[in-house]
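Working notes, beginning with the structure itself.
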Amino acid sequence: VQLQASGGGLVQAGGSLRLSCAASGRTFSSYGMGWFRQAPGKEREFVAVINWAGYSTYYADSVKGRFTISRDNAKNAVYLQMNSLKPEDTAVYYCAAERTIYSRNAYYTPPVPDDFGYWGQGTLVTVSS
């Protein structure tokens with residue numbers, strides 16, 4: 001699976017952005033997909049995940065209620081709608097596909113980067129105060 005993230009940019013606090021991740025490969029619909037982010041000088045952190053079928057999602061506490069992950073398997077794409085953005089949301093955002101197909105039907109704990117075997121190149125989101 002090859003991934004290409006896009007949609008980042010500069011936005012004022014309180015604004016919105018929608019990130020997109022385009023995937024290649026006929027098996028995209030078999031993979032759980034996630035978004036992670038990495039701010040300067042910090043470790044990569046989990047943001048949101050959606051299972052292979054699209055009916056189970058999980059969010060980091062820091063974005064819950066503000067961000068929404070979704071996917072369109074017909075278009076081989078996953079999205080991250082980000083509302084009420086805060087300066088602390090500033091980071092490079094990465095989309096990722098899980099290492100194995102059909103790995104989880106539901107998420108009860110946040111996944112970690114090692115759960116994902118395929119990564120996009122990242123897109124920068126900058127939120128100004």
Side-chain angles (χ1 to χ4, degrees):
V1 179
Q2 292 185 321
L3 305 172
Q4 179 82 27
S6 62
L10 175 63
V11 63
Q12 288 189 331
S16 298
L17 279 176
R18 187 193 194 207
L19 304 184
S20 298
C21 178
S24 63
R26 291 175 293 176
T27 59
F28 169 78
S29 62
S30 305
Y31 288 90
M33 298 294 298
W35 287 95
F36 288 76
R37 65 187 182 187
Q38 188 166 17
K42 295 188 177 181
E43 293 187 352
R44 191 168 298 190
E45 66 173 357
F46 165 74
V47 175
V49 66
I50 187 166
N51 79 325
W52 56 274
Y55 60 76
S56 180
T57 59
Y58 195 95
Y59 297 91
D61 287 343
S62 59
V63 307
K64 200 173 297 182
R66 299 188 298 123
F67 291 10
T68 303
I69 188 171
S70 62
R71 67 187 298 160
D72 186 338
N73 286 344
K75 296 183 177 179
N76 275 16
V78 63
Y79 308 100
L80 185 68
Q81 178 66 44
M82 305 186 295
N83 298 329
S84 302
L85 283 161
K86 305 175 181 180
E88 51 263 44
D89 294 319
T90 295
V92 176
Y93 284 71
Y94 298 89
C95 61
E98 290 183 318
R99 289 188 181 277
T100 57
I101 59 174
Y102 307 123
S103 62
R104 297 201 223 186
N105 291 324
Y107 299 92
Y108 302 103
T109 57
V112 296
D114 279 350
D115 291 335
F116 295 78
Y118 308 92
W119 293 84
Q121 86 290 356
T123 186
L124 176 63
V125 173
T126 303
V127 184
S128 62
S129 57

If I compare all heavy atoms of [X] with all of [Y], which pair ends up nearest, and what's the gap?
| X | Y | value |
| --- | --- | --- |
| Tyr93 | Leu19 | CB-CD1, 3.5 Å |
| Tyr107 | Gly32 | OH-CA, 3.9 Å |
| Phe116 | Gly34 | CE2-N, 3.6 Å |
| Cys21 | Leu3 | SG-CB, 3.9 Å |

Exceeds 12 heavy-atom contacts within 6.0 angstrom, atom NZ of Lys42: no
Whether over 12 other heavy atoms sit under 6.0 Å from Tyr55 OH: yes
How far does [atom1] of [X] sit from [atom2] of [Y], to the nearest 0.5 angstrom?
| X | Y | atom1 | atom2 | value |
| --- | --- | --- | --- | --- |
| Cys95 | Gln4 | SG | CD | 8.5 Å |
| Asn76 | Ser24 | CG | OG | 8.0 Å |
| Ser70 | Arg18 | OG | CZ | 6.0 Å |
| Thr57 | Arg71 | OG1 | CZ | 12.0 Å |

With Val63 via side chain to side chain contact (heavy atoms under 4.5 Å, CB included) - residues at least two apart: Arg37, Val47, Tyr59, Ala60, Arg66, Phe67
Any residue meeting side chain to side chain contact (heavy atoms under 4.5 Å, CB included) with Val127, in chain and number order, not counting sequence neighbours: Val11, Ala13, Leu85, Pro87, Asp89, Thr90, Val125
Should [X] and [Y] count as side-chain neighbours, where that means a heavy-atom distance under 4.5 Å?
| X | Y | value |
| --- | --- | --- |
| Tyr31 | Trp52 | no |
| Phe28 | Asn73 | yes |
| Ile69 | Tyr58 | no |

Pairs involving residues 117-129, ordered by first then second residue, that meet side-chain hydrogen bond (donor to acceptor under 3.5 Å, both in side chains) (sequence neighbours left out): none
Qualifying side-chain hydrogen bond (donor to acceptor under 3.5 Å, both in side chains) pairs with a residue from residues 77-86, counting only residues at least two apart or across chains: Ser16-Asn83, Gln81-Asn83
What about [X] and [Y], same hydrophobic cluster or not, with Ile/Leu/Val/Met/Phe/Trp/Tyr joined at side-chain heavy-atom distances under 4.5 Å?
| X | Y | answer |
| --- | --- | --- |
| Leu80 | Val1 | yes |
| Tyr102 | Val78 | yes |
| Trp35 | Ile50 | yes |
| Phe36 | Leu124 | yes |
| Tyr94 | Met33 | no |

Side chain Asp72, main chain Ala77, donor-acceptor under 3.5 Å: no
With sequence neighbours excluded, residues passing salt bridge (Lys or Arg N to Asp or Glu O under 4.0 Å) with Arg104: Asp115
For Asp114, salt bridge (Lys or Arg N to Asp or Glu O under 4.0 Å) partners two or more places apart: none
